[in-house]
Amino acid sequence: MSRLQQTYGLTDEQREIVATVRAFVDKEILPVATELEHADAYPQEIVDGMKRLGLFGLMIGEEHGGLGESLLTYALAVEELSRGWMSVSGIVNTHFIVAWMITHHGTPEQRAHYLPKMATGEIRGAFSMSEPGCGSDVSAIKTRAVPDGDDYVIDGQKMWLTNGGSANLVATLVKTDPDAGHRGMTTFLVDKTPGFGEVAPGLTVPGKIEKMGYKGVDTTELVFDSYRIPAAQILGGTPGRGFYQMMDGVEVGRVNVAARGCGVARRAYELALDYARRRETFGKPIAEHQAVMFRLAEMATKVEAAHQMMVMAARRKDSGERNDLEAGMAKYLASEYCKEVVEDAFRIHGGYAYSKEYEIERLYREAPMLLIGEGTADIQKMIIGRRLLEG
């Protein structure tokens, strides 16, 4: 196993960060993950531990109190967190998408106000594009912001907010000019109190959406009813740039989802390998039967291939180049391979995989979310195909 998911060319500091996160996962997450997941309980103690490690400031610049690390370092940390419990990585994913967007698109005042508190975890970010009637078709959003003096008034309903209840900052995409297509979309930085119900005047988080997997982390709706917000809360200060800001953030999110797929697949492989070594049939461990051995070989190959694709996509983004092609490939490959590796681990466990006493049951319910989150496989194929045809 030590030969899988090796990342070459890391600095000593990057290796130390990854090793620290791995140790945190082994000590603080894996022993409690399944119990918390079955209870759909928010992992507050784990979140507090991540704050102490500085993980909420991992990619925020040192000038704002963060560690100033790269997307690659963050992706490797997410891979480790997901190996422990995928929901934990979801808690930091939206936070870092918002921090990335503020860092690269925010005004100096927005960066100075939000980033230091985001680095400590005092401010926790969520972001919102989807609505009840649209997901992949971003241009179909209906939530509208209408100017009124120095403010805007927002009406509409958003859907599928990861950390929608626990976050106190939501980067929200709305339409400010319905006739301008993508250029008529604007991102607002919406402050709110954590929790459910009316979290600000005219702003409601109805409650948690019950899910098949990906439990613990809260997934919510967000309802605007004549919600008034200052124009100064427009990300970057200029309306009409929201679509491009969000797409930049989504590229970070897709690398994150790829990293999650790598982490979940690795854990599934670890569980399958351990079980296959201990379980005996016909007088020998099932790992020594060719059918199981071949299955393990295929699983390990997929784990390694997905990891290397994810690393390549992260490094491309870190270089300052557009990485929608690489991020799409990494997200598509890692999520599909994760599903396949988890299912193979499920098969190796036999009937025990169907029992909630075994960890693989949890992974089997978690893996499908990766096929949808940050764009379905079909959307990734469209992105990949269009970029390839551009030459």
Side-chain angles (χ1 to χ4, degrees), residues 4-10 14 18 21-22 25 55 58-59 69-97 100 127 136 162 213-214 217 246-269 299-319 321-342 363 366-385 387:
L4 291 183
Q5 292 189 333
Q6 295 296 303
T7 308
Y8 297 99
L10 297 180
Q14 286 176 312
V18 174
V21 175
R22 184 180 299 128
V25 167
L55 290 184
L58 189 58
M59 276 204 307
E69 271 296 333
S70 64
L71 177 58
L72 174 61
T73 308
Y74 166 61
L76 295 175
V78 165
E79 185 177 58
E80 294 295 337
L81 291 173
S82 300
R83 173 180 158 265
W85 183 16
M86 190 179 75
S87 294
V88 174
S89 66
I91 291 171
V92 295
N93 179 36
T94 61
H95 179 82
F96 272 109
I97 291 176
W100 176 278
F127 88 118
S136 299
T162 300
Y214 199 39
V217 60
M246 281 283 178
M247 291 304 102
D248 187 33
V250 164
E251 287 181 10
V252 173
R254 285 177 178 151
V255 173
N256 171 286
V257 172
R260 286 196 242 182
C262 294
V264 173
R266 179 164 127 205
R267 183 58 180 167
Y269 172 78
M299 293 165 67
T301 302
K302 291 174 181 177
V303 167
E304 181 67 12
H307 172 81
Q308 298 303 336
M309 180 70 80
M310 178 272 291
V311 168
M312 181 267 292
R315 282 181 162 149
R316 177 87 174 186
K317 188 75 171 176
D318 283 333
S319 72
E321 298 183 70
R322 185 180 177 186
N323 86 326
D324 56 341
L325 173 65
E326 292 80 8
M329 286 179 169
K331 193 274 175 184
Y332 168 61
L333 189 78
S335 59
E336 294 291 334
Y337 276 0
C338 175
K339 177 203 66 161
E340 293 170 11
V341 169
V342 168
L363 302 185
E366 289 180 337
M369 195 283 290
L370 299 174
L371 301 172
I372 301 167
E374 310 295 3
T376 65
D378 292 332
I379 290 294
Q380 305 312 314
K381 291 176 184 178
M382 289 175 62
I383 293 169
I384 293 165
R387 291 288 283 120

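Numbering starts at 1 and runs along the sequence shown. The structure displayed is predicted, hence computed values, not measured ones.
- Among all heavy-atom pairs drawn from V342 and V264, the shortest one is CG2-CG1, 3.9 Å.
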Test log, rule side chain to side chain contact (heavy atoms under 4.5 Å, CB included), inputs D324 and R316: CA-CA 10 Å; D324 56 341; R316 177 87 174 186; over 6 Å; no
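- Considering only heavy atoms from C-beta on, E326 stays 4.5 Å or farther from E321 through its side chain.
- In this structure, Q308 contributes its side chain and Q6 its backbone to a donor-acceptor pair below 3.5 Å.
- Here the side chains of F96 and L71 are not in contact, with every heavy-atom distance at 4.5 Å or above.
- Separating the CG atom in L10 from the OG atom in S70 is a distance of 8.5 Å, to the nearest 0.5 Å.
- At least one side-chain heavy atom of Q5 sits under 4.5 Å from a side-chain heavy atom of C262.
- Contact check for F127 versus V250: side-chain heavy atoms found under the 4.5 Å cut-off.
- K302 NZ to E340 CD: the interatomic distance, rounded to the nearest 0.5 Å, is 4.0 Å.
- In this structure, the side chains of V78 and R260 come closer than 4.5 Å at one or more pairs of heavy atoms.
- E69 contributes no side-chain N or O that, together with a main-chain N or O of L58, makes up a donor-acceptor pair within less than 3.5 Å.
- For the atom pair CG (N323) and CD (E251), the distance works out to 4.5 Å, reported to the nearest 0.5 Å.
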Verdict with reasoning, R254 to I383, per side chain to side chain contact (heavy atoms under 4.5 Å, CB included): CA-CA 12 Å; R254 285 177 178 151; I383 293 169; 3.2 Å; yes
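- Not a single donor-acceptor pair under 3.5 Å links the side chain of E80 to the backbone N or O of V25.
- A salt bridge links K317 with D248: at least one charged nitrogen is closer than 4.0 Å to a carboxylate oxygen.
- Considering only heavy atoms from C-beta on, V92 comes within 4.5 Å of L81 through its side chain.
- Sorted by first and then second residue, the side-chain hydrogen bond (donor to acceptor under 3.5 Å, both in side chains) pairs with a member in residues 83-96 read D26-R83, S82-S89, R83-E270, W85-S87, W85-E366, N93-N256, N93-E374, T94-N163; sequence neighbours excluded.
- For V341 against A268, the heavy-atom pair with the smallest separation is CG1-CB, 4.2 Å.
- Contact check for M310 versus L76: side-chain heavy atoms found under the 4.5 Å cut-off.
- Heavy-atom minimum distance, A377 versus E336: CB-OE2, 3.5 Å.
- For the pair R266 (side chain) and V303 (backbone), a donor-acceptor distance under 3.5 Å is absent.
- In plain terms, the two heavy atoms of Y269 and A300 that are nearest each other are CE1-CB, 3.8 Å.
- Counting all heavy atoms, side chain and backbone alike, A75 lies closest to A314 at CB-CB, 4.5 Å.
- Atoms OH and OG1, from Y332 and T376 in turn, are 11.0 Å apart once rounded to the nearest 0.5 Å.
- When all heavy atoms of A334 and A258 are compared, the closest pair comes out as CB-O, 3.4 Å.
- Atoms CD1 and CE, from I91 and M86 in turn, are 11.5 Å apart once rounded to the nearest 0.5 Å.
- Here the straight-line distance linking atom NZ of K331 with atom CD1 of I379 works out to 10.0 Å at 0.5 Å rounding.
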